[in-house]
Amino acid sequence: MDARLSYFAFPDQTPVPAEPAPSVVRLRQFHRRFAENIVIDGLDLDIAEGEFVALLGRSGSGKTTLLRTLAGLDPAPEQDVQVPSSRAVVFQDARLLPWKRVWRNVALGLKGAERRERAEAALREVELGHRLEAWPLTLSGGEAQRVALARALVREPKLLLLDEPFSALDALTRLRMHQLVLDLWQRHKPAVLMVTHDVDEAIALADRVLVLDKGRIVAEERITTPRGARGDLAHGLRSRLLSVLGGDQGALTSVPPSIPSVVPFRAELAL
Amino acid sequence: MPQNRSFQHRIGATRWLSPVVLLAVWEAASRLGVIPERTLAAPSSVIKSLVQMITSGELAENLVVSFWRVALGLTIGVSIGVVLALVAGLSRRGEYAIDPIIQIKRTIPALALTPLFIVWFGIGETPKVALIAFASIFPVYLNLYGGIRGVDVRLVESARSFGLSRLEQIWHVILPGALPSLLVGLRYSLSIAILMLVVAEQVNASAGLGYLVNNARDFMRTDIIVVCLLVYAALGLGADALVRAIEDRALAWRPKLIAEA
C-alpha cells in the first residue's frame with residue numbers, strides 16, 4: 001500500500017458539487033498531427049474552475065502535445081480551443097533563468113511597482129522566503145521546483161499546468177511537494193492539469209483522472225473520496241487505470257524514457 | 001634533514017624561479033660581452049631606458065597615441081560585430097543576409113588587407129584604426145551569434161509561457177544567455193586588436209609604440225625595442241584583466257568551478 005494515499009493531513013474540501021462549475025478549459029474535436037503522424041485525434045476536454053485533473057498516459061500518448069497547446073506554446077488556429085489567458089506552467093525541469101536571482105525569476109514579466117513584494121510573498125508561501133537573493137544554480141532540485149511553483153502562482157492563474165513536476169525529485173521531497181501543491185491549490189483555487197506517469201500520484205491528488213492513449217481519452221475516473229482517505233479505493237482504481245494504461249504492468253516498464261535516472265524506482269512498478 | 005628537504009622542495013616548486021634565473025644569466029652574459037649590446041640589451045639597461053622614457057614623458061605620450069588607436073578601432077569593430085550578430089542571430093532573414101558574407105570575409109586574413117587599406121585611406125590614422133576595427137569584428141560576431149543560437153530553447157519557451165513579449169524574451173532570456181559567449185569574443189577581439197596595432201603602426205607612423213620601435217631599430221637601440229615589447233605585453237595583460245573583471249561582475253550567477261584559493 002502506498003503511503004501517499006493516506007498521508008495528507010489537512011481537513012479535506014467538500015465533495016465535488018452536483019452541478020458542474022463553469023469550464024475554464026474547453027476543447028472540442030481537437031486534433032493535431034505532425035506530418036503523417038496523428039498525435040491527438042478528436043479530443044474533447046473540459047476542466048471546471050478550481051478542478052484538479054490528472055492526466056496519465058504513456059510516452060507518445062500525446063500528453064505533452066496537449067499540455068503545450070493548453071500552455072499556448074503551440075498555436076492551434078481554426079480549432080475549437082478555449083483556454084484562459086491567465087495560465088502558468090511548471091515544467092519537469094524548473095527552467096529558472098540562471099542569471100536572475102530567485103525573486104527576479106518569480107517576478108519575471110510582472111508589471112508594477114510592487115512586483116518585488118508579490119514575488120516575496122509567493123516565495124514565502126513555498127517556504128523559500130530566506131532564498132530571495134540566491135542564484136538559481138545554488139538551489140537543490142526541490143527548492144528549484146518550489147521556486148517554479150511560486151513563479152507560476154504569483155500570476156494568480158486560472159489554469160495551472162504541471163508537466164511531470166515531481167518526477168525528477170527524490171521520494172521524500174516528492175511527498176512534501178504533493179502536500180505543498182495541494183495546500184497552494186486549496187488557497188488559490190486555480191484549475192489544475194497535472195501530467196504524470198505516476199498512477200498513485202494521480203489518485204492521491206486529483207479530483208478526476210484521465211488516461212490518454214494514442215491521442216484520445218480512453219478512461220476517466222472521478223474521485224469523490226476525500227484526499228487522505230483514499231487508501232481503500234486506491235487498489236481497485238489503480239489496477240483499473242493500469243490496465244487501461246498498458247494492459248499489464250510489463251508494458252509500463254518501457255514507459256518513462258524521459259525520466260532521469262536519479263529517480264530511485266517508479267512507485268507503480270513496485271506495487 | 002626534513003627541514004632542508006622542505007626548503008629544497010619549496011624552491012623547486014616555485015614558479016618565479018626559472019624566469020629570474022634566466023634574467024640573471026642574460027644579465028651576466030651581457031656584462032661578460034657574450035651578448036653584444038646591439039644584439040640584445042642587458043636587462044639592467046632595459047630598465048634604465050624604461051625609467052628614462054617614463055620620466056621624460058616619451059613613453060606616456062606614445063602610449064596614449066597607440067591606446068587611442070586601439071580604443072577607437074575596438075569600439076567601432078565591436079559595435080559593428082555586436083549589431084551584425086544581433087541581426088543575424090535573432091532573425092532568420094538577417095542570418096541569410098549577413099552570415100554568408102561574414103563567413104566569406106572571415107577567410108581573408110585581415111592583415112592581407114593592409115595594402116588595400118593604404119590605397120583607400122592613405123597612410124594617416126584612418127587605415128590603422130580601420131584595420132583594428134575590421135579585424136575585431138569577427139571574434140565578437142562569431143561568438144555572439146553562436147551564443148544567441150545556443151541559448152536553451154526551453155528557457156525561451158518557459159518565458160513565452162508566462163506571456164513575455166518577443167522583446168522581453170530577448171532582453172530577459174536570449175541576451176543574458178549569450179553574454180558569456182560575447183565576453184569570450186571580446187577577449188579574442190582585444191588580443192587581435194593589439195596584434196593589428198603592432199602591424200598597423202609599422203606603416204609610416206609618426207607617433208605611437210610602433211613608431212618608437214621603428215625609430216629604435218634605425219639606431220639599433222635594442223633596449224628601447226625591448227621596452228616596447230614589455231609595454232605590448234602589459235597592454236595584453238591589462239586587456240585580459242579588464243575582460244575578466246567584466247566577467248566576474250556580469251557572470252556572478254555562475255557557480256565557481258574552481259574554489260577560490
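What you see is a predicted model; the values in this text were computed from it and never measured. Below, chain A is the first sequence line, B the second, and so on; all start at residue 1.
If you take CG on A/Leu97 and CG on B/Leu155, they are separated by 5.5 Å, rounding to the nearest 0.5 Å.
The two residues A/Ala88 and B/Phe162 come nearest to each other via the heavy atoms CB-CE2, 3.9 Å.
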Give me a line-by-line list of donor-acceptor atom pairs from chain A to chain B that are under 3.5 Å apart, or tell me none exist.
| unit_1 | atom_1 | unit_2 | atom_2 | d |
| --- | --- | --- | --- | --- |
| A/Arg68 | NH1 | B/Glu157 | OE1 | 3.0 |
| A/Arg68 | NH1 | B/Glu157 | OE2 | 2.9 |
| A/Arg68 | NH2 | B/Glu157 | OE2 | 2.9 |
| A/Leu73 | O | B/Arg160 | NH1 | 3.4 |
| A/Leu73 | O | B/Arg160 | NH2 | 3.3 |
| A/Asp93 | OD2 | B/Arg154 | NH1 | 2.4 |
| A/Arg95 | NH1 | B/Arg154 | O | 3.4 |
| A/Trp99 | NE1 | B/His172 | O | 2.8 |
| A/Lys100 | NZ | B/His172 | ND1 | 3.0 |
| A/Lys111 | NZ | B/Glu168 | OE2 | 3.0 |

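Taking B/Phe121 as the reference, B/Phe117 meet the ring pair (Phe, Tyr, Trp, His ring centres under 6.0 Å) condition, with sequence neighbours excluded.
Each ring pair (Phe, Tyr, Trp, His ring centres under 6.0 Å) pair with one or both residues in residues 45-65 of chain A, not counting sequence neighbours, appears once here: A/Phe52-A/Trp185. Identified under the salt bridge (charged side-chain N to carboxylate O under 4.0 Å, His left out) test for residues 78-90 of chain B, with sequence neighbours left out: none.
Heavy-atom distances place the backbone of A/Leu96, and not its side chain, under 4.5 Å from chain B. Contact of A/Leu73 with chain B is made through backbone and side chain together, with heavy-atom distances under 4.5 Å.
Residue B/Ile108 places its CD1 atom among more than 12 non-hydrogen atoms of other residues, nucleotides or ligands, all under 6.0 Å distant.
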